[in-house]
Structures are given as C-alpha cells and as structure tokens.
Amino acid sequence: MWGRRRREDDEDPFRALRETTPGSSFSSSPTAPATGGHDARATPIARRTPAKKRTSGTPAAVALVAPSGFRRALATLRGTLRRGEVVTTMRLDRSRLIAISHNGAGDQRVLTISPRLAVSATSGGHDPGPALMLSAIDPPGPLRATRAAAAHGRFSTRRLDYLAITASIIRGRPSQWSLFFSGVPARDRFWQADLSGGHTHRPGES
C-alpha cells in the first residue's frame, strides 16, 4: 500500500492503519464568482469581486493530540457511532483520528475525523473483534505519553509519527497506547504507555 517501506515498519503491528483510508482533503478553496454584465471585458482584473470568505459557522481546527482536541475528537467519534456499533482500533496523529468499528454482526467501518472534526466513513471488512472502552481512554494520555517518551529518549516531541490503540484480546488485560516516532535512533522508534500516559516505556522495559 505504501510501496517500499522503512525497515522498522516490519515490526509495526499497526502499519495497516498508516493508510487505512485514501488521502483526502476536508476543505476546498472557494470558486471565484464569474463576472457578469455587458461591460465585463472592460472590467480591470484588479476590480474583480473577491471570492467570498469562509462562513463563520465553519469550525476551527483543533490540535488532535492535545487533551482538549482529542477530547472533542472522541466526542465526535461517539456521536458518529450507530446503535450497537463499537470501536476496536484507533490511530491518532496531528492530521487525523482513524477508528475502525463494527456492528454486532462484525461488519466494519473506517471512520476518519479531521482537525476540523469533519467525519468521513467508508465500509471495511468483517471482523467481530473485542471493543475498546472509549470511556476508559484519558484525553490527556496521548500528549502525556508523547512528552514522557521524548523526555526519556531526549528527542523532540515533533518526532512523533502517530499513536495507536487496540482492544486487548485477553480478558482482564487493559489496552495500552503504542507510540511511533521517526527520525530517532532505532531503540526510540517504538514506545508503549497505559491509558493515562503515566507509565511510558520502551517494550521490554519496566
């Protein structure tokens, strides 16, 4: 799907979510109005009517990894789910939140939320996997975990590629965040954290 991948992606259990949906734009440039009237040819280009500004009702973009932005994205996700539909996996970065959901029969949908909280949905495959408890996900967790990993590894938080979380298939075991960074040493590319982001560590470290 991505063509040639980096070598470290071979160990990335969430690589299928890297490009789950085709790239798309959530906003478009306004079309300039056509000039009219019998003297249109004599109208200097500098005097043409400017394109209309974006309406005040357009929501402002939010920082998806920040607590307030992630909280609003989660609320938008909950409002998008249909009756009986559950989320099994999520992928979060600065440009979008992607969630894979399924109904009780296992029919999947891929839900993508933009920084302006616009939602697009496409049908997916069939997998009646376990459900994530969205109410257990702490909105400050992603940013807290990102900062903790960056501090431990001594690199910038700007190196964050994305975070992902999936429902645990083992009963009683809580889900956890997986964090992926780029442009850092190999040992710092993959981290794990609990739902609050309070315990952030490299795999195999306590």
* V86-L195 co-clustered via ILVMFWY side chain contacts under 4.5 Å -> no

About how many Å separate [atom2] of [Y] and [atom1] of [X], when rounded to the nearest 0.5 Å?
{"X": "R91", "Y": "D161", "atom1": "CZ", "atom2": "CG", "result": "6.5 Å"}
{"X": "T88", "Y": "Q108", "atom1": "OG1", "atom2": "CD", "result": "6.0 Å"}
{"X": "L111", "Y": "T80", "atom1": "CG", "atom2": "OG1", "result": "6.5 Å"}
{"X": "L163", "Y": "T146", "atom1": "CG", "atom2": "OG1", "result": "4.5 Å"}

Please check if the side chain of [X] supplies one atom and the backbone of [Y] the other of a donor-acceptor pair under 3.5 Å.
{"X": "S175", "Y": "T166", "value": "yes"}
{"X": "R144", "Y": "S196", "value": "yes"}
{"X": "H102", "Y": "V87", "value": "no"}
{"X": "S168", "Y": "R173", "value": "yes"}
{"X": "D194", "Y": "G197", "value": "yes"}

Return the minimal non-hydrogen interatomic distance between [X] and [Y], and the atom names on each side.
{"X": "T200", "Y": "A145", "value": "OG1-CA, 3.5 Å"}
{"X": "I165", "Y": "Q176", "value": "CG1-O, 3.5 Å"}
{"X": "R78", "Y": "L134", "value": "NH2-O, 3.4 Å"}
{"X": "P115", "Y": "S95", "value": "CD-O, 3.1 Å"}
{"X": "A193", "Y": "L179", "value": "CB-CD1, 4.1 Å"}
{"X": "P203", "Y": "W191", "value": "CD-CA, 4.3 Å"}

* Asked: Checking side-chain contact (heavy atoms from CB on, under 4.5 Å) for the pair R202/D188: CA distance, chi angles, key distance, verdict?
  -> CA-CA 7 Å; R202 301 179 182 90; D188 291 328; 2.8 Å; yes

* Step through the shown structure and confirm whether more than 12 heavy atoms of other residues, nucleotides or ligands are within 6.0 Å of CZ on R94. => yes

* Would L92 and L64 count as a side-chain contact (heavy atoms from CB on, under 4.5 Å) if you check the C-alpha gap in whole Å, the side-chain angles of each, and the deciding distance to 0.1 Å? -> CA-CA 8 Å; L92 174 68; L64 292 175; 3.9 Å; yes

* To do: Determine, stepwise, if the pair V62 / F70 fulfils side-chain contact (heavy atoms from CB on, under 4.5 Å).
  => CA-CA 8 Å; V62 300; F70 186 44; over 6 Å; no

* **Residues in salt bridge (Lys or Arg N to Asp or Glu O under 4.0 Å) contact with R72, at least two apart in sequence or another chain** =>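 With sequence neighbours excluded, R72 shows a salt bridge (Lys or Arg N to Asp or Glu O under 4.0 Å) to no residue whatsoever.
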
* May I have all residue pairs that pass side-chain hydrogen bond (donor to acceptor under 3.5 Å, both in side chains) and include part of residues 151-160, sequence neighbours excluded? =>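 Those involving residues 151-160 do not exist here.
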
* Run the numbers on I113 and L77 for side-chain contact (heavy atoms from CB on, under 4.5 Å), then give the verdict. => CA-CA 8 Å; I113 300 174; L77 176 61; 3.8 Å; yes

* Hey, what's the ring geometry for Y162 with F180, parallel, tilted or perpendicular (30° and 60° as the breaks)? -> parallel

* Using distance alone, with no hydrogens and no angle criterion, decide if S101 and E85 have a side-chain donor and acceptor under 3.5 Å apart. => yes

* Asked: Within a strict 4.5 Å, meaning less than it, do heavy atoms of the M90 and L97 side chains meet?
  ->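 Touching, per the 4.5 Å side-chain cut-off.
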
